[in-house]
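Before any comments, here is the structure.
Letters go in sequence order (proteins before strands), and every chain restarts at 1. All values below were derived from every heavy atom in this structure, side-chain atoms included, with hydrogens, water molecules and symmetry-related copies excluded.
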2 protein chains.
Amino acid sequence: MEISQRKKKILAALVELYIETAEPVGSKVLAQRAGLGCSSATIRNELAELSAMGYLNQPHTSAGRVPTVQGYRLYVNELMERQRLSAEETERLNRELAQRLMALDNLVSDIGQFASQITDLPALAIAAPRAVTIVRFDFIYVDVNTFIMVALLSDNSVKNKLIRLPVSVEKLKIDKLSTLMNANFTGLREDQITQPLISATERALDDMTGLTAVAASFAIEALTQASQPGSFVGGQNRLLHHPEYQDPDKAHALMSFLNQAPMEFPQLMNGETGVKVIVGPENVSEALRDSSVVLATYDAGDGVRGVVGVVGPTRMDYAVVAGKMQLIAQTISNALGTGGLKPPSGMDNKLMIRGEDTIE
Amino acid sequence: MEISQRKKKILAALVELYIETAEPVGSKVLAQRAGLGCSSATIRNELAELSAMGYLNQPHTSAGRVPTVQGYRLYVNELMERQRLSAEETERLNRELAQRLMALDNLVSDIGQFASQITDLPALAIAAPRAVTIVRFDFIYVDVNTFIMVALLSDNSVKNKLIRLPVSVEKLKIDKLSTLMNANFTGLREDQITQPLISATERALDDMTGLTAVAASFAIEALTQASQPGSFVGGQNRLLHHPEYQDPDKAHALMSFLNQAPMEFPQLMNGETGVKVIVGPENVSEALRDSSVVLATYDAGDGVRGVVGVVGPTRMDYAVVAGKMQLIAQTISNALGTGGLKPPSGMDNKLMIRGEDTIE
DNA sequence: TGCTGGCACTCTTTTCTTTCGAGTGCTAAT
DNA sequence: ATTAGCACTCGAAAGAAAAGAGTGCCAGCA
């Protein structure tokens with residue numbers, strides 16, 4: 001059965017009204033608001049048909065209508081106009097986000113926080129795991145029993161670790177360790193660092209104090225941490241703004257789910273890119289059945305790809321939220337994806353700067 | 001007016017019963033539970049007096065009694081026995097915490113998370129700011145337009161930054177920069193790095209590409225970040241377990257406050273050390289009037305001191321919570337305060353390891 | 001044929017009353 | 001001093017009545 005133009009118009013108006021008020025929508029208000037010149041009786045007939053087709057629902061006989069999942073789905077897919085943010089708005093958000101992105105190490109948490117803030121919903125952000133290797137080692141000899149290990153990774157991050165030895169060690173040995181580590185451990189993925197390799201290096205160094213083990217575990221740690229998918233979850237308190245989470249049990253269940261299983265979200269994208277809306281019961285996870293999810297993928301270059309998303313009531317303003325998520329994804333990809341950060345204004349103009357984070 | 005031994009006993013029983021049930025406590029249950037052999041009528045007389053003295057309150061004429069702030073205060077100060085955790089319990093918690101403390105860089109967040117977990121309340125942890133200086137700089141020349149800056153700080157943390165130049169630079173110049181930075185910038189606090197100093201260094205380096213400015217801003221950043229008080233707030237969702245936060249507005253107000261003003265908590269300690277309980281309306285902040293706060297100070301050595309605390313309903317189990325907070329504070333101080341972490345078992349046995357974090 | 005006003009009907013929400021019961025305060029007896 | 005007993009109070013729970021929103025359907029009209 002096809003759906004007439006007028007029905008679509010009515011459905012769209014109904015969904016938007018419901019999003020606004022959180023109350024079942026009656027034919028009367030709809031007739032006033034819908035903008036198509038016909039009476040409430042006509043609307044009633046149309047509503048009855050839309051109900052029969054499965055797009056609408058009545059909580060009880062004498063109540064207004066509420067969209068079903070199918071209704072939402074139609075709205076999201078065809079009816080809604082993704083909110084065009086005003087030029088200033090876009091500009092403002094862009095600037096704000098760009099500012100956050102200046103510091104690269106907390107990319108994931110920055111993105112998540114930003115998403116939460118502008119949508120007033122709990123948000124999460126996940127960075128896809130990536131295979132990294134160590135490009136070079138440097139060992140800085142500080143004093144007779146202190147040195148610093150520095151590793152430059154293939155993703156341009158830098159990790160370091162300060163080592164304080166209970167025994168003294170000569171600078172020469174540290175230098176030799178450096179040479180050996182650079183010779184044996186660079187270009188390897190985490191899983192390629194094996195015990196035999198470590199033992200061989202230890203023999204080559206001719207040292208029994210465990211120096212090699214320390215260096216090796218540093219390498220492993222650095223790689224482990226760099227290739228771990230970062231994740232961020234936050235803004236849960238914003239849930240409580242929305243009437244559907246008045247029931248503390250519901251709110252708590254969702255919050256706990258967010259905290260415990262953020263890693264389940266990326267697979268909801270199914271490998272697709274762009275913005276994806278998942279309406280309430282379409283969700284596989286039990287805990288999300290009452291809530292909708294809006295996800296977007298981003299690509300920050302250097303193989304740093306990920307997913308950012310927000311979770312909210314089924315009755316959320318999809319048009320606005322989806323618009324904002326798209327903006328975020330685009331801004332990130334624009335700002336970082338093409339390689340390199342635009343330098344800030346001021347004295348640093350002449351140089352590209354990239355800060356890094358470290359292990360432990 | 002002094003307070004009889006029996007009154008104290010009754011008050012303690014009442015507070016504990018109220019903590020358990022969250023309902024006003026009547027004379028009847030109290031007579032059964034209190035363990036002192038007297039009838040409900042006697043208890044009623046005593047309760048009436050305790051009410052007159054300001055320790056108890058009646059929500060309405062025909063309801064049971066509820067402790068007032070004053071009542072709680074007396075309970076906390078004199079009556080409660082700080083929960084002695086069982087030996088295994090203590091052992092288990094100790095081990096768990098010690099494990100977390102292995103990684104030093106997220107000390108604050110680890111402590112906070114731990115506190116939240118074992119008390120089932122939202123928690124926060126704040127590290128006191130400390131004055132740090134840079135002990136030494138190292139500049140690692142990677143290739144013709146890439147180098148890494150490494151700074152060892154007086155608190156034994158290491159910061160680094162990868163710099164990618166749009167122009168090429170010789171290793172010699174980087175070495176010279178290193179010498180100059182070590183000569184001019186070590187031992188300084190953040191506020192002692194002035195523009196004239198930077199300019200002088202720039203002249204000495206005889207370079208117009210802005211290298212000096214980059215190095216200087218790195219130094220400033222490193223110091224700023226290291227001396228910033230770290231803070232952690234988390235576990236807000238646990239609030240919803242407790243009936244007094246059924247009202248989403250209340251829950252939300254408190255959560256927002258925690259997120260926005262965590263820095264207000266340390267000053268509640270007034271410079272004291274140990275465990276401090278602040279009962280509901282004793283709080284200065286409006287947002288905390290309905291909630292109680294249990295704070296503890298910790299000292300992790302190396303000048304890393306801070307405050308860890310939990311927030312919950314006025315009717316919280318002070319005995320247990322205070323006991324646990326004390327345990328945390330003590331464990332941290334024991335494990336770290338005396339200097340150095342006990343090494344983990346295994347291959348690292350021979351060395352003391354201390355990981356670090358970095359800027360940006 | 002499609003739209004509209006009108007109207008009876010349904011079911012929730014709100015409001016008001018009534019009942020119920022926990023707990024008190026007081027008094028008289030021990 | 002302690003206790004049993006009892007009238008009283010006041011909130012909470014239960015029940016009844018009224019209000020209101022919205023529907024479905026019908027008959028009339030373009």
Side-chain angles (χ1 to χ4, degrees), chain A residues 1-11 13-15 17-18 20-68 71 243-244 246-247, chain B residues 1-11 13-15 17-18 20-68 71 243-244 246-247:
Chain A
M1 155 118 61
E2 52 193 309
I3 178 167
S4 76
Q5 214 52 36
R6 189 168 68 181
K7 281 199 181 55
K8 285 187 181 175
K9 223 167 170 177
I10 291 176
L11 179 59
L14 187 144
V15 170
L17 219 48
Y18 181 62
E20 199 177 301
T21 62
E23 303 272 309
V25 182
S27 56
K28 212 165 168 181
V29 234
L30 211 43
Q32 290 165 1
R33 265 287 273 271
L36 27 81
C38 61
S39 79
S40 68
T42 312
I43 303 270
R44 272 204 291 284
N45 287 328
E46 296 282 47
L47 289 182
E49 288 180 49
L50 281 167
S51 291
M53 294 159 81
Y55 293 111
L56 297 178
N57 218 341
Q58 277 181 292
H60 50 266
T61 330
S62 76
R65 262 46 176 225
V66 164
T68 60
E244 16 277 292
Q246 291 293 92
D247 176 2
Chain B
M1 157 118 62
E2 52 193 307
I3 179 168
S4 78
Q5 214 53 36
R6 189 168 69 182
K7 281 198 181 58
K8 285 186 182 174
K9 224 168 169 178
I10 291 175
L11 180 59
L14 188 144
V15 170
L17 219 49
Y18 181 62
E20 199 178 300
T21 62
E23 303 272 307
V25 181
S27 56
K28 212 166 171 181
V29 234
L30 210 44
Q32 289 165 3
R33 265 285 273 271
L36 27 81
C38 62
S39 78
S40 66
T42 313
I43 303 271
R44 272 206 289 286
N45 288 328
E46 296 283 47
L47 290 183
E49 286 181 50
L50 280 167
S51 293
M53 292 159 82
Y55 293 111
L56 298 177
N57 217 338
Q58 276 180 293
H60 49 266
T61 329
S62 77
R65 291 333 203 263
V66 163
T68 60
E244 17 277 291
Q246 292 293 91
D247 176 3

From the options C:dG5, C:dG25, D:dT3, select the nucleotide whose nearest atom is closest to the side chain of B:A41.
D:dT3

Check the distance between C:dT12's P and A:E23's CD and give it to me in whole angstrom.
15 Å

Under 4.0 Å between a side-chain N or O of A:S62 and OP1 or OP2 of C:dC11?
no

Please check the phosphate of C:dT4 (OP1 and OP2 only) for any side-chain N or O of A:T42 closer than 4.0 Å.
yes

Applying a 4.0 Å non-hydrogen cut-off, can you work out what B:S40 is touching in the nucleic acid: base, sugar-phosphate, or nothing?
nothing

Separation of atom CD1 in B:I10 from atom C1' in D:dT2, rounded to whole Å:
13 Å

Which nucleotide, D:dC10, C:dT4, D:dT23, lies nearest any side-chain atom of B:H60?
D:dC10

Determine yes or no for a side-chain-to-main-chain donor-acceptor pair under 3.5 angstrom, with A:S51 supplying the side chain and A:N57 the backbone.
no

Grab the CD-P distance between B:E49 and C:dC26 for me, whole Å please.
12 Å

For the side chain of A:R65, starting at C-beta, report the closest nucleotide among C:dG5, D:dT2, D:dT23.
D:dT23

Rounded to the nearest Å, what distance is computed from the CD1 atom of residue A:I43 to the P atom of nucleotide C:dG5?
12 Å

Send over the distance from A:E46 CD to C:dT1 C1', rounded to a whole Å.
14 Å

What is the distance, to the nearest angstrom, from the NZ atom on A:K28 to the C1' atom on C:dG6?
12 Å

Determine whether a donor-acceptor pair (N or O, by modelled atom type, separation under 3.5 Å) exists between the side chain of A:S27 and the backbone of A:I43.
no

Output the rounded distance in Å from CG (A:L30) to C1' (D:dA21).
15 Å

Quick one: do A:R65 and A:E46 make a salt bridge, cutoff under 4.0 Å?
no

Among D:dT23, C:dT24, C:dT4, the one nearest any side-chain atom of A:L47 is D:dT23

Are any of the side-chain heavy atoms of B:Y55 and B:P67 separated by less than 4.5 Å?
no

Does C:dG25 have OP1 or OP2 sitting under 4.0 Å from an N or O in the side chain of B:T61?
no

For a quick check of understanding: with a heavy-atom distance under 4.0 Å over all strands, which category does B:A63 fall into, base, sugar-phosphate or nothing?
sugar-phosphate

Flag, side chain of B:T21 to backbone of B:L17, donor-acceptor distance under 3.5 Å:
yes

Between B:N45 (CG) and C:dA28 (C1'), how many Å, whole number?
14 Å

Donor-acceptor pair under 3.5 Å: do we get one between A:R44's side chain and the base of C:dG5?
no

